[in-house]
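Accompanying notes for the structure given below.
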Amino acid sequence: MSEKLSSGALETIMRGGEYTEPVVQVLSIKKMNSGSGQPEKDRYRIYLSDGQYTVSHAMMTAQIYAKAGPKGLPRFSIIKIIRSMTSVINNTDGRDSRVLLILDLELLKDGDEVGVKIGDPIPYSEAASARPKPSGTGPSTSVQAEVEPVAKRMKLATNGTNGTYDGNTTLGGHITHPISSLSPYHNKWIIKVRVMSKSDIRKWENARGSGQLFSVDLCDESGEIRLTAFGTTVDKYYDVIQVDKVYYISKCQVKPANKQFNTVKNDYEMTMTSDTIVEECLDDDMKNLQIQYNFVDIAKIAEVEPNSTVDVFAIAKSYGEVNSFQAKTTGRELKKREVQLVDKSNATITLTLWGQQAENFNGFDNPVVLLKGARVTEFGGGKNLGTTSSTLMKVNPDMEESFTLKGWFTSAGSSALYNDLSARTAGGGTGSYNTPWLTFKEVIDQQLGSINTASGDYYMVKATVLLIRSENSIYKACPTDGCNKKVVDNNDGTYRCEKCQQDFQNYKFRLLCSMNVGDWSGNQWVSMFSDEAEKVIGMSAQEVGELGERDPDGLSKMMESLNFKEFILKCRAKMETYNDEQRLKTVAVKVDPINYKEYNAYLAKKIRDLIA
DNA sequence: CCCCCCCC
């Protein structure tokens, strides 16, 4: 039994037409080394037959070749071409011809089993097929119209011109290369690509100088790549290159990608040079090539690792104003806007937009928001989304799914209850999500208190109460809600709050306890305000205050009785200068009973880390 | 040639 070849398929394809999953025969195959020494970069040139015509201008990458299986593609193998693209080549004699790039295939029958060439195919050439066919024996006449010369469809942009079209330098009609074939070893190529995303223009100034840049992430059917423009090419191309449009691009510098900063799936990235040519392709025949999204339900982001990127398709349930502030680390002026996203997974997450994206965002009327490559972050135990320079955001994208989602929101989503992934859990539990667990010795060794000098350094510790100072642990405070300022006794039955600038008939007791706490490695004096001290003492500040007034010895005894109690503390350490002396001031900002499940999980992890 | 992706 023999497989039936798709007679005529290759002619259709090589004329730029579509043919769904043609079945063809491999007549020979030849490996072409990339010269890079990396086998995965090798290409295979393949000689194909559909039983009617043969095509020798066909290629595939090593990755696609590997799909044939361990035996590869022996002569006479029959394959199904699942995906392919052609590149137009403009020969020196002015005629178009095409190269077929196979992007996916399936081996139907091993060549060793087939054993013969099927049919009596003749070499395909555009010239031959364009000729009037000999009656009876020639190929079918149902071919598409001749490929339209591309040059007249081109607009714009060769280097150094005022934008007028120069017929000699247009890229359309020349061979185009797949992104996957780009490497630093070849520089004569033209790619035809869709712009997936475009960054803001960023200006910088550092020790090595100053400048400006922007970058675009590009894709074609074979892959994706980042292109960055510096200096004057920024001015020249920033407005020209637009997201979602298709361009011919040539003469860029190709270099190994810095994977640390570039998550685009390519070993290389590109930089524009003064020779770079960018031309918009107006006859977008890359309809097949749409940007690929891998949407994740908002609820699922709970399980996503921080710092990874996700694609999200959601509704902006609400949005805030643009806020400006100075970055603590760089001093740079930052602008952000927070948007509340919801989707059918009944979860909500906060999206933070930055820079231009924040300014331009219009969240009126609960638009659909599409994000590609949004960054997942963790804060206070909750998850957030943020945009980066390479995040693509579309508001109300022109897609059928937009209507579906919008319909869901209008009918059900606007009144649904959502699980808030961005909710911070520091208020419950021990809030240990971002705060490191340390011993008191590590706190000293790592010089906590001197790292983040503005806000202090936080750490978690399991600590034992060694001594609580009962003297000066209680004070009379302003009765105004939330004031808590110490009042001055006017000695006339009234009490003065300087902060509220008011005299009161009464006061409330507050605690400011200084206590020495320790673990196996050392000890530390910490101070604790009312809310936390009450949890250690097990009495309200009011009760403690009244006890102190009534029975100072009883207060001391009570405080002593607390020794050797254990708690989980969240501490803030800050180095302060006092009388020209540096000392570490520590506030226990949170006190919790020991949650053994959580604490043991931390210990178990610590043991695993020690073993590893 | 950047390489920051920020803040609470």
Side-chain angles (χ1 to χ4, degrees), chain A residues 197-217 225-238 252-264 266 268-276 306-310 319-340 349-359 361 371-393 420-427 431 433-435 452 454-456 458 570 572 589:
Chain A
S197 64
K198 179 171 85 165
S199 75
D200 292 348
I201 294 174
R202 192 156 69 85
K203 296 179 195 294
W204 81 88
E205 218 162 313
N206 61 25
R208 277 161 299 197
S210 61
Q212 59 172 354
L213 70 99
F214 80 98
S215 65
V216 283
D217 292 345
I225 196 163
R226 175 166 296 175
L227 170 60
T228 305
F230 291 95
T232 55
T233 56
V234 172
D235 305 320
K236 194 162 139 191
Y237 286 117
Y238 188 76
C252 299
Q253 183 200 347
V254 181
K255 60 183 184 179
N258 188 336
K259 291 290 180 185
Q260 203 185 337
F261 307 111
N262 180 352
T263 53
V264 171
N266 200 313
Y268 302 113
E269 60 191 9
M270 306 196 293
T271 305
M272 283 193 184
T273 71
S274 56
D275 294 330
T276 293
N307 293 328
S308 47
T309 56
V310 290
Y319 62 107
E321 299 288 305
V322 175
N323 290 319
S324 293
F325 60 93
Q326 283 221 307
K328 267 191 189 140
T329 44
T330 57
R332 194 191 297 259
E333 170 85 0
L334 297 176
K335 287 195 170 91
K336 70 157 186 176
R337 187 204 291 270
E338 291 189 348
V339 179
Q340 207 59 37
I349 193 164
T350 303
L351 165 70
T352 305
L353 303 175
W354 299 93
Q356 283 298 115
Q357 259 173 341
E359 300 228 52
F361 181 79
L371 293 164
K372 182 182 166 62
R375 188 183 156 92
V376 177
T377 55
E378 196 173 46
F379 179 68
K383 290 272 170 52
N384 291 70
L385 287 178
T387 53
T388 72
S389 61
S390 54
T391 302
L392 165 65
M393 181 174 71
D420 186 1
L421 271 73
S422 302
R424 291 164 217 171
T425 53
Y433 292 90
N434 279 338
T435 313
N452 195 340
S455 58
Y458 289 81
K570 181 176 184 174
R572 181 181 61 224
V589 296

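Proteins come first, then strands; the chains are lettered A, B, ... in the order of their sequence lines, and each starts at number 1. Just so you know, these numbers come straight off a predicted model, no measurement behind them.
Nucleotide B:dC6 holds its P atom 10 Å from the CG atom of A:Asn384, rounded to whole Å. Rounded to a whole Å, the CG atom of A:Leu385 is 17 Å from the P atom of B:dC5. Across the protein-nucleic acid pair, A:Ile201 atom CD1 and B:dC2 atom C1' stand 14 Å apart, rounded to whole Å. The NZ atom of A:Lys198 sits 22 Å away from the P atom of B:dC2 (whole-angstrom rounding). A:Trp204 has its CH2 atom 6 Å from the P atom of B:dC2, to the nearest Å. A:Arg337 places its CZ atom 22 Å from the P atom of B:dC5, with the value rounded to the nearest Å. In this structure, the CD atom of A:Gln357 is 20 Å from the P atom of B:dC4, given to the nearest Å. Between the C1' atom of B:dC1 and the CG atom of A:Asn206 lies a distance of 9 Å, rounded to the nearest Å.
Between B:dC2 and A:Arg226, no contact under 4.0 Å exists linking OP1 or OP2 to a side-chain N or O. For A:Arg202, no side-chain nitrogen or oxygen approaches OP1 or OP2 of B:dC5 to under 4.0 Å. Distances shown here put a side-chain N or O of A:Lys255 below 4.0 Å from the OP1 or OP2 atom of B:dC1.
Out of B:dC3, B:dC2, B:dC6, the shortest distance to the side chain of A:Phe230 is found at B:dC2. With distances taken from any side-chain atom of A:Asn258 to the nucleotides B:dC6, B:dC3, B:dC1, the minimum falls on B:dC3. Side-chain proximity of A:Leu213 to the nucleotides B:dC2, B:dC6, B:dC8 is greatest for B:dC2. Picking from B:dC5, B:dC2, B:dC6 the nucleotide with the shortest atom distance to the side chain of A:Glu269 gives B:dC2.
The CD atom of A:Glu269 sits 12.0 Å away from atom SG of A:Cys252, with the distance rounded to the nearest 0.5 Å.
Within the 4.0 angstrom heavy-atom criterion, only backbone atoms of the sugar-phosphate kind lie near A:Thr377; the bases stay farther away.
Residues satisfying the side chain to side chain donor-acceptor pair (under 3.5 Å) criterion with A:Asn384, sequence neighbours excluded, are absent altogether. Considering only residues two or more places apart in sequence or on other chains, A:Gln212 meets the side chain to side chain donor-acceptor pair (under 3.5 Å) condition with A:Lys203, A:Asp235.
Using a 4.5 Å cut-off on side-chain heavy atoms (C-beta onward), A:Leu371 and A:Leu351 make contact.
Annotation for A:Glu321: atom CD does not count as buried by contact number, only 12 or fewer foreign heavy atoms lying within 6.0 Å.
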